[in-house]
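Presented below is the structure to which this report refers.
Fair warning: this is a prediction, and the values are worked out from it, not measured in the lab. When a ligand or atom number is given, it counts from 1 through the structure's own listing order.
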Amino acid sequence: MAAGRATAIAPANIAFVKYWGVQDAALTLPYNESISMNLDRCLTTTTVQFDGRLDADEVVLKLHGQAEQPARGRPLERVIAQLDRVRALAATQIRARVHSTNNFPSDAGIASSAAAFAALTTAAVAALGLTLSEQELSVLTRRSGSGSACRSIPTGFVHWRNDHTDGGSYAVSVAPPEHWALADVVAVVDPGVKSVTSADNHRLAATSPYFAVRLQEVSGRIQQALTAIRDHDLGQLGAVCEADAVSMHVVAMTAQPPTFYWNAGTLAVIHALRQWRNEGLFGYFTIDAGPNVHVICAQADAAELEHRLQALPEVQFTIANGPGPGVRIVVDEPHA
Ligand code: PMV
């Protein structure tokens, strides 16, 4: 078994149809399928170096705009647990040095854990010389606990399939990034860090009386989203995005205990988007586990939407993304 080093770059992704609710927390098995787009400008770069001289894994994080710092507590435990899953496949106990850099603000409401666990898993697999198919890599990445990370493995527009088994819950590409000039303009209305992690709320989702309703609706939305992507139908994709985000947040707001992710800024952006659509400028909202709003639109309209969003008093800054590739191994390693 070769003990080596590898670097991977992985994108964050935005879900058009959300993963919300975990059926088996140990395996990170979701109740429902989901659909997403990889983001071309929100990336995590991770180097994993296995070293027989180490007694423990060492993990250093370099978040955007912050000094390097060693990971501690729960984030460190999650990285070690994922390295353990990769080590188990290679039948080794060897410890690793991990260095991870984010190029986007971690306070932007963009799921940084998806990019982080996709990059970590891919780099660790390569550093141990394991050969996995894309499907096997997506399954292994899903088990990290950040389920949506499995969607950052394949390229472009992605479908996380789920047959409720460990081996049958993985993501596949349904179209490459160049298939559709779509944009995700993130309108940041609150740069604060959220107090309830999505991991906790995935476990609580099934306590909502509306969760069963959501599950009944989701398979229809999966088909509509796939058709909208195939046909480049922004109106249909936007309707699906908005309906699914509202459904996810209804479940969160009616779980026991409930979580209210939205704030006044979230609603201000929603109302502005609806007004602008009446004027012929087409942007559609989706919202993850936080108050910030992802505006899905044609790339041709992204600059005008960014301009208008930045003019809203509730919006602190915006980040525009197009569709991007999935995870890739970097040959020329950036962290010497
Ligand atoms: O993969 P997690 O545990 O970070 O959960 C992701 C949850 C949402 O971002 C709200 C939805 C999704 O499908 O990305």
Could you check atom 4 (O) of ligand 1 against the protein and tell me its nearest heavy-atom contact, residue, atom and distance included?
Ser198 OG, 3.6 Å
Do we see a donor-acceptor contact under 3.5 Å between the side chains of Ser169 and Arg161?
no
Which of the numbered atoms in ligand 1 are below 4.0 angstrom from a heavy atom of Ser146?
1 (O), 4 (O)
Indicate yes or no: does Arg221 engage Asp244 in a salt bridge with an N to O separation below 4.0 Å.
yes
Ligand-side contact atoms (ligand 1) for residue partner Ser113, heavy atom cut-off under 4.0 Å:
4 (O)
For the aromatic rings, using the six-membered ring if either is Trp, is the centroid distance between Tyr170 and Trp160 under 6.0 Å?
no
In the protein, what heavy atom is nearest to atom 8 (C) of ligand 1, and what distance, to one decimal place, separates them?
Asp288 OD1, 3.9 Å
Are any of the N or O atoms of Gly147 closer than 3.5 Å to those of ligand 1?
yes
Salt-bridge contact Arg308-Asp301 (side-chain N to carboxylate O under 4.0 Å)
no
Would a distance-only check, ignoring hydrogens and angles, find a side-chain to backbone donor-acceptor pair under 3.5 Å from Thr266 to Asn263?
yes
Considering both backbone and side-chain atoms of Lys18, is one of its nitrogen or oxygen atoms within less than 3.5 Å of a nitrogen or oxygen in ligand 1?
no
Enumerated ligand 1 atoms positioned under 4.0 Å from heavy atoms of Ala15
12 (C), 13 (O), 14 (O)
Quick check on side chain to side chain contact (heavy atoms under 4.5 Å, CB included): which of Val295, Ile319, Ile296, Val293 does Val185 satisfy it with?
Val295
Output field: ring centroids Tyr261/His249 closer than 6.0 Å:
yes
Looking at Met248, which atoms of ligand 1 are within less than 4.0 Å of one of its heavy atoms?
10 (C)
Centroid-centroid distance, Tyr19 to Tyr31, less than 6.0 Å:
no
Below 4.0 angstrom, N of the basic side chain to O of the carboxylate: do Arg277 and Glu242 qualify?
yes
Among protein heavy atoms, which sits nearest to atom 5 (O) of ligand 1, and what does the distance come to when rounded to 0.1 Å?
His202 NE2, 2.9 Å
What atoms of ligand 1 come closer than 4.0 angstrom to any heavy atom of Ala289?
10 (C)
Any nitrogen or oxygen of Arg151, side chain or backbone, less than 3.5 Å from one on ligand 1?
yes
Is Ser148 close to ligand 1, meaning an N/O of one under 3.5 Å from an N/O of the other?
yes
Using a 3.5 Å cut-off on N or O atoms only, is Tyr19 in polar contact with ligand 1?
yes
